[in-house]
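Numbered from 1 within each chain, the chains take letters A, B, ... in sequence-line order. Below, all heavy atoms of this structure are taken into account, side chains as well, without hydrogens, waters or symmetry copies.
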Amino acid sequence: MSEYNFSAIEKKWQRHWLENKTFKTDSSAEGEKFYCLDMFPYPSGAGLHVGHPEGYTATDILCRYKRMKGFNVLHPMGWDAFGLPAEQYAVETGTHPAITTKKNVDRFREQIRALGFSYDWDREVNTTDPKYYRWTQWIFEQLYKKGLAYVAEVPVNWCPALGTVLANEEVIDGRSERGNHPVIRRPMRQWMLKITEYAERLLKDLDALDWPEGIKEMQRNWIGKSTGALVDFGVLTGGACADEKITVYTTRCDTLFGATYMVLSPEHALVAKWLEDGTLKNADEVKAYQKKAASKSDLERTELNKEKTGVRLDGVVGVNPVNGDKLPIFISDYVLASYGTGAIMAVPAHDERDFDFAKVFNLPIYQVVAPAGKANSEKSDGSANAAPSVDAGAKASDNSELISRVPYTGSEAFTDIATGVMVNSGFLNGLSVEAARPTMIKWLEEKGVGKAKTQYKLRDWLFSRQRYWGEPFPVIHWEDGTQSLVDENDLPLTLPELADYKPTGTGEPPLAKATDWVNVVDPKTGKKGVRETNTMPQWAGSCWYYLRYIDPANDKCFADPGLLKKWLPVDLYVGGAEHAVLHLLYARFWHKVLFDLGYVPTPEPFQRLVNQGMILVLFDLGYVPTPEPFQRLVNQGMILGMAYKTKRGVLVPMDKIEWREGKPWGAEEGGEMEELTEFPAKMSKSLKNVVNPDDVIRDYGADSLRLYEMFMGPLQAVKPWSTKGVEGVFRFLKRANRDDQGRGEEPCRYGQEGWRRPRDDELQHRHLRDDGVCERGGGVREAELANQD
RNA sequence: GCCGGAGUGGUGGAAUGGCAGACGCAGCGGACUUAAAAUCCGCGGCCUGGUAAUCAGGCGUACGGGUUCGAGUCCCGUCUCCGGCACCA
């Protein structure tokens, strides 16, 4: 019988590969090295979904191809197994996260093996294994010793529902990325990593990487470099010159002559000082505003975007260093404490935000930049422009006739820096915006009231979590106020067993309950101390796992330097674009630190990166009562799969649909049959419409699944899942298999008895198949094309 | 608003500047079958004319221009969609 018994074929070979370690990588083997990395999965309780095998299949095909071409291929797999879901599950069910994690890992391993990938299973890593996180802790100690890890009392994103703080990157529109819970700002004691110290290199080194332009651009935006100037403004309190000055950061120092007021962030240190020493006459009003701003979540702050709010500081006045103008000072939450100096000069004529604020508070708006060609005609005094020069500017008081305060009458701020020409700005008049900036900076530096300054949006990385299921910090706080690291030889510092790992709700980590573990006594001096009870975030383990694959069993160091030299950098890294700024930026940061310390031979970890897209799916399971989100999906053009609903918008599961003349018919529960409307749906757990690879493998085999995944379209694109498409591929494999089996006859090779010339239709199929093997598989081919020199 | 990517049949998608629509799905016609399923063969951008079928002509890669012997592909402009960022001074 020539039936395509995929199950027997696949099981046979998978067992063979496993038993013979067919895909074991020998680092000393001949051949040019090729390190091909998949983003390792978080082993969730839901098991693998059809999105996982997509990237894995693409890399797997490439790896097999490379092996056949004689490359020595490193192709490993592992588990990113610390993290919130296992712990949430533990809290809900009382099952220890270690047990849940082991169960999930076992299931994931089994599922991935059933797909027949050519991983070297001897290199499997697990971030929750003490033998692994020993080195995560060790790397943290190197960061600490290099001065890149510190504790700070900082306003953090506190999520009451999760009972932990989150990194800025994990908060989206004021809600937690995981679970979509509200997040508020609250000052807390936290571990921070000085990623800002690497901002410039993280930015610059992007240029040489072979990554999708979009990802690189996202990282550039996240790092957010800007060049501008710090400018010192004088301060008058009660009409007298005060000791203080206000330093502002601006990228538009060319518009300094147009400043009409100043704004401090509500958290600015000077505001607190003035409140304390009684300088402010409207202290109650100011305090009330500070309180309001502090209690606002980020979401509320952004929602209030449209309407600017603020309070004038009564009793203090700023002094513009270029023209001596006295400027009112406000506090407003549109100025962020955490960026620049937390203070700005406001030039409402040439900045949209300042313009909006000035309109609300009825402040003057003066023009200092005009569209090209209009610079002369719009001068209010009609006098010709004197030739501007720095010398003239140096005597600002002498050329005051060139500094006129001309009200700006436009309906919105004029911000065109490409064509703008300076007006009403003394020594800058007639210059382009571009030319005015260095001129102004030079003037500021000569006067000692300012200097050029580069700023980054990137903040230090908030590295601690108030949770149980993560790497403990190898740090002890002693009773005398000192702090020390756990000796490297005593690592790993293992997680204590805990009966109760619920969040405390107060922000104190669950580890504080493990009193035996927390309290330590120095055996030499008898000094008492307590262990750090925060744990590391999930990103820690994934920051360096690609290094451990290279030498996974080493217990002397995280990986042998010689082997690192042989295998780094990763030649191809495939994974979801959702990690564009989180994992990929953090991993690059750690890698650069290790590079600086001489532990890794390359400044960048991942030379080539390909992002797989998302897989959309037919809505074919479950019942969701609200159709609105789906309708929006339609409007957004994500029409790639079909789901079915009645006229009232009630969804009808696929198995309840009757097909009448090619049209879908169904009924609401207890309702009448009617023709249904089809519309698309995105695959998600909450919709209960996730396609399970196990089912696909059971019905069609791993080869069908893999071939279909490659056949759906470009790896990078968002694609629809279609079970019909799998069937098409399955038939194709059946035909191919039957051809090889001699179409219902026993396999028979050329020259053997019984051989006959294949009929034309058989040849056609065979050619078709070979053509398919060579030509198709969009993602692989793209990866491969990118790979051919 | 800013940045990045993409628009090709009913549908998922192919095409170093050189026959647009490979291959799959859905569809239609046929073979096999008592029948159905499965399987196999064939057809298939749109319009017009003709037709059992073959065929002939025209229009076609979001829209408007351009470069070229030749454009889905390159250039300029417009629109739409997707993704990311967004009070960052």
For [N], the Watson-Crick or wobble counterpart (both distances under 3.5 Å):
N	value
B:A53	none
B:A89	none
B:G42	B:C28
B:A15	none
B:U33	none
B:U80	B:A6
B:A71	none

Distance in angstrom units between [X] [atom1] and [N] [atom2], rounded:
X	N	atom1	atom2	answer
A:D356	B:A89	CG	C1'	13 Å
A:R220	B:G4	CZ	P	10 Å
A:N221	B:G1	CG	P	17 Å
A:M440	B:A89	CE	C1'	16 Å
A:K225	B:C3	NZ	P	19 Å
A:K457	B:C2	NZ	P	15 Å
A:Q219	B:G83	CD	P	20 Å
A:F361	B:C87	CZ	C1'	14 Å

Taking the [atom1] atom of each, how far is [N] from [M], in whole Å?
N	M	atom1	value
B:U80	B:U8	C1'	15 Å
B:C32	B:A6	C1'	46 Å
B:C81	B:A62	C1'	10 Å
B:U33	B:C46	C1'	38 Å
B:C43	B:G9	C1'	15 Å

Counting only heavy atoms not in A:E445, do more than 12 sit closer than 6.0 Å to its CD atom?
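Atom CD in A:E445 is packed in, count exceeds 12.
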Would one find more than 12 heavy atoms of other residues, nucleotides or ligands at under 6.0 Å from atom CD of A:E200?
yes
Specify the residue among A:M218 and A:R252 whose closest nucleotide of RNA chain B lies further upstream toward the 5′ end.
A:M218
Output the single nucleotide from B:A89, B:C3, B:G84 whose closest atom is nearest the side chain of A:V335.
B:A89
Name the closest nucleotide to the A:K308 side chain, picking from B:A89, B:G4, B:C87.
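Nearest to the side chain of A:K308 among the choices is B:C87.
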Does any part of the side chain of A:I417, heavy atoms only, come nearer than 4.5 Å to the side chain of A:V369, both counted from C-beta?
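They are not in contact (no side-chain heavy atoms under 4.5 Å apart), so the answer is no.
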Below the 4.0 Å mark, does B:C87 have OP1 or OP2 next to a side-chain nitrogen or oxygen of A:S332?
no
Presence of A:Y334 side-chain N/O under 4.0 Å of B:A89 phosphate oxygens OP1/OP2:
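Indeed not, no polar side-chain atom of A:Y334 lies that close.
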Any idea how A:Y249 and A:Y339 line up, ring-wise: parallel (<30°), tilted (30 to 60°), or perpendicular (>60°)?
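Judged by the thresholds at 30° and 60°, the geometry between A:Y249 and A:Y339 is perpendicular.
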Is it true that A:R698 and A:D695 have a side-chain N and a carboxylate O under 4.0 angstrom from each other?
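Yes, charged N to carboxylate O under 4.0 Å.
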So which of A:F330, A:Y366, A:F355 actually passes ring-ring contact (aromatic ring centres under 6.0 Å, His included) with A:Y261?
A:F330
Need the glycosidic conformation of B:G9: syn if within 90° of 0, anti if not. Which one?
syn
